[in-house]
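The figures that follow rest on heavy atoms only: side chains count, while hydrogens, waters and symmetry mates do not.
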Amino acid sequence: MKVRPYDLSRIDLYASLRDYPSEDITTHLSPHLRFGTVSIRELIAQLGPSHDIFLGELIWREFFMQILHHFPEVVTRNFNPRYNALEWRNNEKEFERWCSGETGFPLVDAGMRQLNMTGFMHNRVRMVTAGFLCKHLLVDWRWGEAYFAQKLLDYELSSNNGNWQWAAGTGCDAAPYFRVFNPWLQAEKYDSAGNYIKQWIPEYGTSRYPEPVVNHRRARQRALDTYKKAIQGEIREG
């Protein structure tokens, strides 16, 4: 695995193309920020009025650092205690399929294979893969966080923790529990030609590619029911 030099030359396209993984419009700044080879002030000084979206991403990073500083318990616990009663399934075989990029959901698998091979994953795909683990498979976000910590070149505790709790719906300002990404629609919207998927899954479209580990519709309903049960239990106990 090799850290790429960061590149701001296409930053004017960031806002319009940042969600499309095959475009590779990301700056690859995160490892450099993580290890201090560039300063946040130096970056901000180079931004203009049209770079608000990019600036917002830098602010998210600082925000998660503040959360970790003021609420250090988030390292091992849900930021939002109303989800403490969540009954995670934690199926080890399904977790292993997620780790290896063998879930049968192409966008999820492409992202995990990119991570395993390069130590990097596109941000849009990070959201899809994390949400899939927590909601489709109902695997504890701490399992996914720990796996990303092992693999990411840009691993940073505050951002990794904050983003995983965001995906699981347990964090501060998190995605609501009923927001369950549809991996098929995400692929159709952000990788319609399949260029990103084909890059990382050479056997895609052949009999060697596995069948889906779960049915999206049923898994979504199972997640909704599980989250509702946890919230209702917390309300009764409170």
Side-chain angles (χ1 to χ4, degrees), residues 1-70 74 79 107-108 110-112 114-115 118-132 144-145 148-149 151-169 171-176 179 181 183 185-193 195-197 199-200:
M1 296 181 185
K2 183 178 180 181
V3 176
R4 292 176 52 172
Y6 70 86
D7 182 9
L8 301 181
S9 64
R10 304 176 72 192
I11 197 171
D12 289 342
L13 300 174
Y14 181 82
S16 59
L17 296 178
R18 70 190 182 111
D19 281 319
Y20 299 90
S22 65
E23 296 290 341
D24 194 23
I25 207 69
T26 54
T27 61
H28 294 275
L29 264 171
S30 50
H32 298 274
L33 286 169
R34 166 64 179 87
F35 292 102
T37 58
V38 64
S39 78
I40 196 78
R41 292 176 177 83
E42 179 183 344
L43 292 173
I44 292 174
Q46 300 179 60
L47 303 183
S50 63
H51 302 144
D52 286 351
I53 298 294
F54 181 78
L55 176 61
E57 296 302 310
L58 297 179
I59 292 172
W60 265 111
R61 178 177 177 272
E62 299 298 310
F63 173 70
F64 284 140
M65 287 184 172
Q66 292 296 317
I67 292 298
L68 180 61
H69 175 75
H70 291 287
V74 298
F79 179 89
L107 189 60
V108 174
M112 295 306 296
Q114 181 185 25
L115 174 66
T118 70
F120 173 82
M121 190 193 300
H122 186 276
N123 184 61
R124 165 59 57 175
V125 187
R126 291 191 196 199
M127 290 191 288
V128 176
T129 58
F132 182 87
E145 182 194 32
F148 271 33
K151 297 292 183 177
L152 284 172
L153 291 173
D154 64 4
Y155 168 70
E156 194 167 55
L157 176 57
S158 57
S159 295
N160 197 43
N161 181 277
N163 282 314
W164 268 98
Q165 292 220 43
W166 181 91
C172 57
D173 196 29
R179 183 184 186 188
F181 283 118
L185 293 182
Q186 289 287 306
E188 182 180 326
K189 184 173 182 180
Y190 297 112
D191 191 37
S192 58
N195 293 329
Y196 175 77
I197 289 170
Q199 178 183 357
W200 297 107

Derivation of the side-chain contact (heavy atoms from CB on, under 4.5 Å) call for Glu42 and Gln46: CA-CA 7 Å; Glu42 179 183 344; Gln46 300 179 60; 3.9 Å; yes
Contact summary for Met65 and Ser158, nearest pair of heavy atoms: CG-OG, 3.4 Å
Side chain proximity check, Leu152 to Glu156, heavy atoms < 4.5 angstrom: no
Spacing of Thr26 atom OG1 and His122 atom NE2 [to the nearest 0.5 Å]: 5.5 Å
Heavy-atom pair of closest approach, residues Phe132 and Pro183: CD1-CG, 3.9 Å
Any donor-acceptor pair under 3.5 Å from Ser16 side chain to Leu13 backbone: yes
Side chain Asp191, main chain Asn195, donor-acceptor under 3.5 Å: yes
Minimum heavy-atom distance Ala167-Ala130, with the two atoms named: CB-CB, 3.6 Å
Ring geometry between Tyr14 and Phe54 (parallel below 30°, tilted from 30 to 60°, perpendicular above 60°): perpendicular
Check: Leu47 and Leu43 side chains under 4.5 Å, non-hydrogen atoms: no
Arg18 and Glu23 ion-paired at < 4.0 Å: no
Pair Phe181-Arg124, side-chain contact (heavy atoms from CB on, under 4.5 Å): steps then yes or no: CA-CA 11 Å; Phe181 283 118; Arg124 165 59 57 175; 3.8 Å; yes
Tyr190 to Tyr20 - nearest heavy-atom pair and separation: O-CD2, 3.4 Å
Any residue meeting salt bridge (Lys or Arg N to Asp or Glu O under 4.0 Å) with Glu145, in chain and number order, not counting sequence neighbours: none
Gln165 (side chain) donor-acceptor with Phe79 (main chain) under 3.5 angstrom: yes
Nearest atoms (heavy-atom pairs only) where Ala110 meets Tyr196: CB-CE2, 3.6 Å
Between CD1 on residue Ile197 and CD on residue Gln199, distance to nearest 0.5 Å: 11.0 Å
CH2-CG distance between Trp166 and Asn161, expressed to the nearest 0.5 angstrom: 14.5 Å
Arg126 with Asp154: basic N within carboxylate O range, under 4.0 Å: yes
Mutual orientation of the aromatic rings belonging to Phe64 and Trp60 [parallel < 30°, tilted 30-60°, perpendicular > 60°]: tilted
Spatial distance of atom OG (Ser159) from atom CD (Glu62) [nearest 0.5 Å]: 8.5 Å
Nearest-0.5 Å distance that lies between atom OH in Tyr6 and atom CG in Leu33: 9.0 Å
Spacing of Asp7 atom CG and Leu29 atom CG [to the nearest 0.5 Å]: 9.0 Å
Polar contact flag, side-chain donor to acceptor under 3.5 angstrom, His51-Asp12: yes
Minimal non-hydrogen separation, Val125 against Leu107, with atom names: CG1-O, 3.6 Å
